[in-house]
Chemist: 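First the structure, then my questions, so here it is.
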Amino acid sequence: MYARGVKHTFTNETMKQSVTGFMMQNFDLKNGMLMSFKIHLSENQVVHIGIFPDEETANAAAEKAKPIIKQIAEMGVKAEPMFGLLRDLLIAGDVTLDQLIANK
């Protein structure tokens with residue numbers, strides 16, 4: 001599996017919520033993405049990670065997102081991309097599906 005992610009630093013919380021919501025609605029679990037999660041670091045920072053079956057699928061999805069990524073950058077959002085092979089993914093045996101997908 002292959003992970004592609006980006007740490008976004010927004011100018012304010014409203015922009016963070018708007019862009020994160022837009023990306024969830026339009027890009028999460030699309031274009032071959034198997035799993036997506038976000039780590040909210042602060043009021044104006046979030047790390048968005050997408051998991052793909054392989055690097056080729058991840059790169060193709062990133063290519064489709066390029067126009068939106070450009071628009072987000074033009075809004076003044078700082079983006080720090082990250083990507084690489086996903087290794088050593090472990091999930092405890094007592095974790096249930098509802099724990100993984102709960103919106104809290």
Chemist: Determine whether Met82 and Val47 make a side-chain contact, defined as any pair of heavy atoms from C-beta on separated by less than 4.5 Å.
Modeler: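 Yes, their side chains come closer than 4.5 Å.
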
Chemist: Counting only N and O atoms by type, is there a donor-acceptor contact under 3.5 Å from the side chain of Lys30 to the main-chain atoms of Gln25?
Modeler: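 Looks like yes, one N/O pair under 3.5 Å.
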
Chemist: In Å and rounded to the nearest 0.5 Å, what is the CD1 to CZ distance from Ile68 to Phe22?
Modeler: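 These two atoms lie 4.0 Å from each other.
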
Chemist: List the steps, then state whether side chain to side chain contact (heavy atoms under 4.5 Å, CB included) holds for Asn44 with Thr9.
Modeler: CA-CA 6 Å; Asn44 70 327; Thr9 302; 3.8 Å; yes

Chemist: Let me confirm one number: the CZ-CG distance from Phe52 to Asn31, rounded to the nearest 0.5 Å.
Modeler: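 Rounded to the nearest 0.5 Å, the CZ-CG separation comes to 7.5 Å.
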
Chemist: Are Val6 and Phe37 in one and the same hydrophobic cluster, where Ile, Leu, Val, Met, Phe, Trp and Tyr link if side-chain heavy atoms are under 4.5 Å apart?
Modeler: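 Different hydrophobic clusters.
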
Chemist: Could you grab the distance from atom OG1 of Thr14 to atom CD of Glu43, nearest 0.5 Å is fine?
Modeler: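 Output value for this atom pair is 10.0 Å.
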
Chemist: Linking I/L/V/M/F/W/Y whenever any side-chain heavy atoms sit under 4.5 Å apart, do Met35 and Ile39 land together?
Modeler: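 Linked within one cluster.
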
Chemist: Val46 versus His40: any side-chain heavy-atom pair under 4.5 Å?
Modeler: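 Yes - at least one pair of side-chain heavy atoms lies under 4.5 Å apart.
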
Chemist: Closest approach of Ala62 and Arg4, non-hydrogen atoms and distance?
Modeler: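 Smallest interatomic distance, heavy atoms only, reads CB-NE, 3.5 Å.
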
Chemist: How far apart are the closest heavy atoms of Tyr2 and Ala58, and which atoms are they?
Modeler: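 For Tyr2 versus Ala58, the nearest heavy atoms are CD2-CB, 3.5 Å.
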
Chemist: If the test is side chain to side chain contact (heavy atoms under 4.5 Å, CB included), which one of Thr57, Ile51, Asp54, Leu85 qualifies with Met1?
Modeler: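 Exactly one candidate clears the test, Ile51.
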
Chemist: At their closest point, which heavy atom of Pro53 faces which heavy atom of Gly32, and how far apart are they?
Modeler: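 Shortest heavy-atom contact: CD-O, 3.3 Å.
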
Chemist: About how many Å separate OG1 of Thr11 and CE of Met75, when rounded to the nearest 0.5 Å?
Modeler: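 The distance works out to 7.5 Å.
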
Chemist: Check whether any side-chain heavy atom of Lys16 sits under 4.5 Å from a side-chain heavy atom of Val77, and report yes or no.
Modeler: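 They are not in contact (no side-chain heavy atoms under 4.5 Å apart), so the answer is no.
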
Chemist: Run the salt-bridge test on Glu63 and Lys66 with the 4.0 Å N-O cut-off and return the result as yes or no.
Modeler: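 So Glu63 pairs with Lys66 through a salt bridge.
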
Chemist: Any chance you could measure Ser18, atom OG, to Phe10, atom CZ, to the nearest 0.5 Å?
Modeler: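 Ser18 atom OG to Phe10 atom CZ measures 9.0 Å (nearest 0.5 Å).
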
Chemist: If you group Ile, Leu, Val, Met, Phe, Trp and Tyr by side-chain heavy-atom gaps below 4.5 Å, do Phe83 and Leu86 land in one group?
Modeler: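 Not linked; separate clusters.
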
Chemist: Please tell me whether His48 and Asp28 have a donor and an acceptor in their side chains that are separated by less than 3.5 angstrom.
Modeler: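 Asp28 and His48 do have a side-chain donor-acceptor pair below 3.5 Å.
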
Chemist: Hey, could you give me the NE2/CD1 distance between His8 and Ile72, rounded to the nearest 0.5 Å?
Modeler: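 Those atoms lie 5.0 Å apart.
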
